[in-house]
Every structure is written in C-alpha cells, then in structure tokens.
Amino acid sequence: MKKKICTLLNTETTNKCNIVRWLTIYTLCNVFVALLISLRFYQSPPNSAIGYIFGLVQAVGQLGLLSFLLVMPLFVLAKFSNNKRIIVIGALILSCTGLTALLADTFIYQQYRFHINAMVMELFIAGGNEVISFPLSMWLMIIGLVIVVILAQVLVVKGVNRYITLSNKSNKTLIYLIPMCIFSSHFIHIWGDATFNRDITKQSKLLPLAFPATAKSFMAKYGFLDIEAHKMQSLLKHKKSKGNLQYPLAEIKLKAKEQKLNIVMIVIDSWRADMMNEAITPNMFAFKDKSLQYLQHYSGSNNTRHGMFSLMYGIPGTYWDKMLEEQKSPVLIQTLIKQGYQTNIFASAKLAMPEFDQTLFADVPNLRTRSTGEKPWQRDANLTKDYLQWSKTSSTQDPTFSLLFFDAAHGFSIPDDYQKPFNPSLNSVNFLALNDNYELAPFLNLYKNSLHYIDSKVGEVLKSLEGKLENTVVIITGDHGKEFNDSNLGYWGHNSNYSKYQTAVPLIIHWPNKAPAIIDYQTNHLSIAPTLMSEALGVTNIPSDYSSGISLFEQKKALPWLFLGRTGYYAIKVENNLYELDRIGNFTLFDDNYHEDEQAQININYVQEALSEMSRFYQK
C-alpha cells in the first residue's frame with residue numbers, strides 16, 4: 001500500500017517519484033494561472049478562427065515552457081533529495097516571483113506595448129523617482145497584488161496535495177500538450193508570416209520572451225510566400241548601418257553676425273498639442289499673440305529620449321545609439337559654443353537618464369545635471385529659480401543660450417496647496433487601474449492642473465524677459481504628447497504608438513522683427529535646429545549638411561512626410577495617414593485617429609526618402 005503524502009510542510013522526507021509528480025502537477029496548475037493573467041496582454045480579439053487557434057496554442061506552449069523552465073532547478077534537486085519541504089518552499093518562492101513578474105509585465109505592456117526589458121529596469125533602478133514615481137495608492141495596490149499571488153499559490157499547493165492524496169492518475173498527457181502547442185504555434189506562425197496574415201503576426205510577440213519561427217525562404221521555394229507583401233515589408237524595414245558616423249556631412253561655415261541673438265528654449269515634457277489654451281496655459285497663450293504659432297507641429301518621436309534628440313540634432317532618432325556610443329553632441333550645441341554663447345541647461349529630471357549628459361549636452365561646460373526636490377513640481381520650481389538667478393548674473397557682453405526642461409506634466413505633479421483650476425481632479429495617478437472603463441475626467445484634470453502649474457513657472461521666465469525680447473529668440477514646445485485612450489484602443493501615456501495624441505505638440509516661436517502669425521500646416525522638430533543655425537547663428541551651409549529638416553522660415557507649405565520614431569520601430573506620417581513599422585516587423589497603415597485604414601496606399605517615394613534620411617549620416 002502506497003504511503004499517503006502528508007500535509008504541506010509537515011513531512012520532512014518522501015518518495016522522490018512522488019516529489020517529482022507533485023512538482024509536475026503544481027507547475028501544470030500554474031500554467032493555468034499564468035494563462036488567466038496573460039489575458040491582459042490581449043487588447044483586441046482576432047478576426048478569424050485561425051487567429052484564435054494561434055493565440056491559444058501559443059499561450060499554452062509559451063507559458064507552459066516558461067513555467068517549467070522556472071522550476072527546472074527543483075526537478076533537478078528532486079533527483080538528489082527526498083526533502084519535500086525544500087522542494088515546496090522553493091516552488092512557492094519561484095512561482096510567486098514568476099507570476100508576480102508576469103502580472104507586472106501585463107501592466108507595462110498595457111501602457112507601452114513592450115515587455116519588461118533592460119530599459120525598463122534601468123528606469124526603475126537608475127532613474128529613481130525623478131523618472132518614474134508611484135503614489136501610495138499604487139504601492140498599496142502592488143503590495144495587495146503580491147499578497148493575492150502568494151495566497152493563491154498556497155491554495156494551489158493545498159489543492160495539489162489533496163489531488164495527489166485522492167488520485168493516482170498519470171499527468172503525462174497534459175505534459176505532452178505543452179510541446180505540441182509549442183510546435184503548432186511555430187508552424188502556424190511560419191504560415192502566417194509567409195502569407196502576411198496580420199491576425200497571426202500581430203499576436204506573435206504579445207507574450208514575454210516569445211520568438212516565433214519564420215521561414216520565408218522555404219515558403220517562397222514552395223510558392224507559399226506573398227511576394228508583393230514581402231517586397232513592401234522589406235522596403236519599409238530599416239537596415240541598421242554598421243558604418244561610422246559622418247555628422248555633419250561638411251564642415252560648418254559661419255558668417256559674422258552684427259547682432260547675436262539670445263536664445264531661450266522652453267520644453268515641457270508630455271505636452272500634447274491640444275493643451276495650449278487660455279484656461280490651461282494662460283501665460284503661454286498670451287505670449288503667442290506676439291509670436292509665431294504653429295498649429296500642426298510634431299515631435300520627432302513619442303518619447304523623451306528620441307523627441308529631444310530630434311529637437312536638438314535635427315535628424316531622426318535612428319541615430320541615437322551611435323551618437324551615444326561616440327558621445328557626440330549636436331552640431332547646434334557645437335556651433336553655439338564656437339560662437340561664444342554662454343550655455344546652460346536647466347532640466348527638472350536628471351540628465352543622466354536618458355543619457356543627455358553624454359549626447360545632447362555632452363559639450364556644455366559645467367553642465368547642471370539635476371534639480372533639487374523630491375517631486376517634479378519642486379524640481380520645476382528649482383530650475384526656474386536657478387534660471388532666473390543665472391540670467392541676472394550672466395555676462396551682458398556675451399550672447400546666451402538656455403534650455404529649460406519642465407517635468408511636472410509628465411509626473412502629474414502639483415503642490416498640495418496649489419489652487420486647482422480644473423475639478424474634480426485626482427491627487428495622484430494609480431497607473432495599474434487604467435482601463436477602458438477608467439473615469440477619465442479627474443485624471444485629465446490632474447494633467448491640465450500640472451500644465452497650469454508649469455505655465456505659472458514659465459510665466460515667471462517670460463516676465464523676466466520683458467524688455468529683452470528685441471534681441472531674444474524664445475521657443476516654447478514639448479518633447480512629445482500624451483494619450484488618454486483617445487483612440488479607444490487601450491493606449492495611455494506615451495511611447496506606445498505614433499498617433500497624433502502622442503506625437504503632436506505645441507510650438508510657439510518669438511523671433512525679433514518677425515510679425516506674429518499663425519502657421520497651419522505640418523511642421524516638425526527636425527526643422528528647429530536648422531532654423532536656429534541658419535537664421536540666428538550665421539551658418540551658411542545648406543541644412544542637409546547637418547539636418548534632415550529645413551528652416552521653418554524657408555518652409556512655405558506642409559512637409560510631404562514626417563519621420564517619427566527610432567531604430568526598429570518608426571512611422572512615416574503622410575497627410576492624414578500613418579505608415580507604421582512596429583516592433584515585430586509588421587507594417588500597418590492607420591488613419592488620423594489611429595485606426596487601421598485598409599483603403600490607404602503607401603507612397604513608395606516617401607518611404608525611400610525616409611529610409612535615406614535614416615542612413616545618410618553614416619560613411620558610405
């Protein structure tokens with residue numbers, strides 16, 4: 001008669017075979033738990049039966065593989081030890097850790113459409129609360145979810161013990177199901193990838209660490225490849241250059257300027273285009289009446305790193321990695337310093353994350369790398385105070401360039417005693433609670449209130465410039481936009497798509513001796529650097545020597561296309577359409593509301609021009 005397996009943790013030793021059986025059943029149960037959690041990855045259902053089949057077999061296979069790999073060391077340990085207590089405790093620790101990580105990954109994916117990766121970990125570890133900060137409600141929710149996972153695992157352990165006590169059935173069939181699903185999902189994806197079936201390919205990397213197989217050459221050999229679609233995808237896919245940088249393409253030449261204009265650049269993190277009006281930003285709204293206002297202006301990307309890169313370098317974000325590797329600053333900054341400008345950067349968040357101290361501002365002497373304060377609004381106040389002090393004490397004989405980078409809107413941050421003009425308003429944001437049913441108004445009002453607070457600081461800056469505007473250029477813009485599920489597709493924040501909600505930003509330019517005007521055609525950040533270089537700094541080179549843009553004052557109509565993005569994930573905006581190549585190599589055409597547009601046609605000439613700009617500044 002077989003020995004009865006004792007209650008959880010009350011038995012020191014037991015039969016090795018039974019330990020392996022217990023661990024197998026326990027892991028199979030956790031595959032089911034992981035499947036339930038993974039439902040959060042699936043934002044929209046497939047449109048075909050094969051799409052549902054692929055999604056199911058991929059989920060069972062991938063999550064089953066990850067579940068067993070997670071506890072594989074315990075299977076090895078069970079071969080050498082009869083101590084069930086060690087195995088059970090180890091299984092609990094590993095499974096709780098893995099399921100918690102999976103749950104956390106679903107929240108990351110819902111916000112940004114990518115999984116936990118090195119960049120995310122770097123933001124949490126190195127960025128501190130200056131890049132990502134959590135309110136108390138969010139920490140409590142995280143702790144609550146961890147407790148739920150732990151309690152659920154204890155119940156699973158008890159259930160497995162009870163099952164083994166009452167049943168001697170083998171579970172080999174269920175174990176075989178996982179490799180069958182793995183192979184099936186790869187075969188289906190090979191077919192879907194060859195026929196460009198988006199119902200399959202759009203699911204291919206929904207799950208973490210999923211790398212579905214492709215075999216285009218094999219499928220082409222036997223006539224299964226959609227040749228036309230393959231040509232289009234190959235055309236859109238950017239081939240990363242392995243050459244050395246050649247930036248600028250020619251030596252920068254200067255002509256003497258009778259009067260060197262001071263330049264003040266004000267950048268607001270996460271400021272979307274439709275959030276500049278008399279109620280939200282009264283000071284900047286009033287300032288537009290003495291300035292040039294651009295109504296259809298776009299950043300060069302949907303995130304701070306590449307949005308600021310496009311603003312300062314005037315070239316696509318595809319060059320970021322190479323610029324960082326060589327720690328090469330923008331030609332704009334190099335020229336300012338060569339022209340004798342006193343240059344200072346006043347940023348709220350520290351300049352080491354992203355690595356602006358090694359790229360955008362690498363050549364700025366005595367770089368101010370951070371502001372003081374625990375919260376974004378405090379750091380915004382600190383940078384304003386420091387700027388006002390610096391502007392008073394800087395030499396009046398030399399021209400100045402200053403960049404002020406505000407962060408309160410990105411962090412949804414305002415002082416506790418700030419008089420909120422928009423109500424009802426949240427006090428903080430629990431990002432874990434965001435979904436299609438989330439009450440939008442209080443969240444959006446908090447965002448508006450944070451912009452209103454920034455505007456009060458910008459108002460102080462603009463007031464300090466009164467009497468100096470006859471020789472001062474003032475540029476006010478954002479690094480990227482901010483989405484509040486505007487397309488009803490589950491997108492919140494930024495860095496997850498290239499819709500107008502995440503890429504369109506305000507642009508106000510005051511330029512001495514230029515009459516106020518409203519410009520109502522498409523412009524973008526790539527043109528800011530050549531505007532300053534040619535119009536303010538006396539650069540005689542053609543803009544194409546150092547930029548992908550042209551002077552805004554030379555541009556008389558909408559650009560035919562705009563580049564948005566970075567290496568591996570970019571889009572080309574053409575009028576009211578968007579050609580987007582996503583992180584998994586699929587190209588999709590969207591309309592102006594970021595919904596797929598099956599009637600749209602790709603302009604091949606614009607694609608080729610964009611691809612050329614993505615590689616033009618590498619040595620041939």
Side-chain angles (χ1 to χ4, degrees), residues 112 117-135 138 264-271 299 301-313 317 320-321 323-330 332-333 342-391 401-415 428-429 431 450-451 453-454 457-458 461 477-480 482 493-495 566:
Y112 303 111
N117 54 31
M119 181 187 73
V120 174
M121 298 305 297
E122 189 176 12
L123 288 176
F124 276 103
I125 296 170
N129 65 356
E130 295 188 26
V131 180
I132 298 177
S133 59
F134 291 166
M138 192 166 173
V264 178
M265 186 178 291
I266 298 171
V267 184
I268 299 170
D269 199 332
S270 303
W271 188 24
S299 171
S301 193
N302 58 5
N303 63 80
T304 295
R305 187 187 307 261
H306 301 96
M308 289 297 293
F309 182 90
S310 66
L311 178 67
M312 299 303 294
Y313 284 86
W320 164 268
D321 292 331
M323 293 293 183
L324 176 59
E325 178 185 325
E326 298 191 12
Q327 299 195 6
K328 194 173 186 66
S329 68
L332 173 60
I333 294 293
Q342 297 180 66
T343 302
N344 212 341
I345 311 300
F346 302 88
S348 181
K350 58 186 178 183
L351 294 178
M353 180 55 59
E355 303 90 337
F356 292 156
D357 58 339
Q358 301 175 55
T359 50
L360 277 63
F361 312 121
D363 288 347
V364 175
N366 303 313
L367 181 64
R368 178 187 183 277
T369 59
R370 64 188 306 159
S371 296
T372 60
E374 294 183 1
K375 298 180 179 179
W377 72 263
Q378 294 171 321
R379 296 192 292 271
D380 284 358
N382 177 250
L383 79 86
T384 304
K385 177 178 69 67
D386 284 0
Y387 164 77
L388 295 175
Q389 182 64 31
W390 176 77
S391 64
F401 171 84
S402 52
L403 188 150
L404 292 76
F405 192 11
F406 293 91
D407 194 46
H410 173 262
F412 300 99
S413 177
I414 54 177
S428 59
V429 184
F431 295 99
S450 64
L451 284 170
Y453 170 76
I454 290 175
K457 299 291 110 180
V458 174
V461 174
T477 190
D479 61 342
H480 56 76
K482 178 81 78 174
H494 61 278
N495 204 27
R566 65 257 199 193

Enquirer: Work out which heavy atom in Leu351 is nearest to a heavy atom in Ile345; give both atom names and the distance.
Expert: CD1-CG2, 4.2 Å

Enquirer: Identify, with sequence neighbours excluded, every residue that meets side-chain hydrogen bond (donor to acceptor under 3.5 Å, both in side chains) alongside Ser310.
Expert: none

Enquirer: With sequence neighbours left out, write down each residue that passes ring-ring contact (aromatic ring centres under 6.0 Å, His included) with Phe406, or none if nothing qualifies.
Expert: none

Enquirer: Would you list the pairs meeting ring pair (Phe, Tyr, Trp, His ring centres under 6.0 Å) in which at least one residue belongs to residues 345-389, sequence neighbours left out?
Expert: Phe346-Tyr387, Phe346-Trp390

Enquirer: Under the rule for side-chain contact (heavy atoms from CB on, under 4.5 Å), what residues qualify as partners of Gln378, not counting sequence neighbours?
Expert: Glu374, Lys375

Enquirer: Suppose we screen for side-chain hydrogen bond (donor to acceptor under 3.5 Å, both in side chains). Which residues come up paired with Thr304, at least two apart in sequence or across chains?
Expert: Asp269, Asp479, His480

Enquirer: For Lys482, check salt bridge (charged side-chain N to carboxylate O under 4.0 Å, His left out) against everything at least two apart and list the hits.
Expert: none

Enquirer: Mind checking what makes side-chain hydrogen bond (donor to acceptor under 3.5 Å, both in side chains) contact with Asn382, not counting sequence neighbours?
Expert: Arg368, Thr372

Enquirer: Show the nearest heavy-atom pair for residues Pro376 and Gly411, with the distance to one decimal.
Expert: CG-CA, 4.2 Å

Enquirer: Could you work out, with salt bridge (charged side-chain N to carboxylate O under 4.0 Å, His left out) as the rule, every residue matching Glu325, not counting sequence neighbours?
Expert: Lys322

Enquirer: Taking all atoms of both residues into account, what is the closest heavy-atom pair of Ser413 and Ser450, and its distance?
Expert: O-CB, 3.8 Å

Enquirer: With sequence neighbours left out, what residues match Tyr453 under ring-ring contact (aromatic ring centres under 6.0 Å, His included)?
Expert: Tyr418

Enquirer: Under the rule for salt bridge (charged side-chain N to carboxylate O under 4.0 Å, His left out), what residues qualify as partners of Asp363, not counting sequence neighbours?
Expert: none

Enquirer: Parallel, tilted or perpendicular, judged at 30° and 60°: which one describes the rings of Phe412 and Phe431?
Expert: tilted

Enquirer: Mind listing the closest non-hydrogen atom pair of Leu360 and Ile333 along with its distance?
Expert: O-CG1, 3.5 Å

Enquirer: Does Gln327 have any side-chain hydrogen bond (donor to acceptor under 3.5 Å, both in side chains) partners at least two apart in sequence or in another chain, and if so, which?
Expert: Gln358

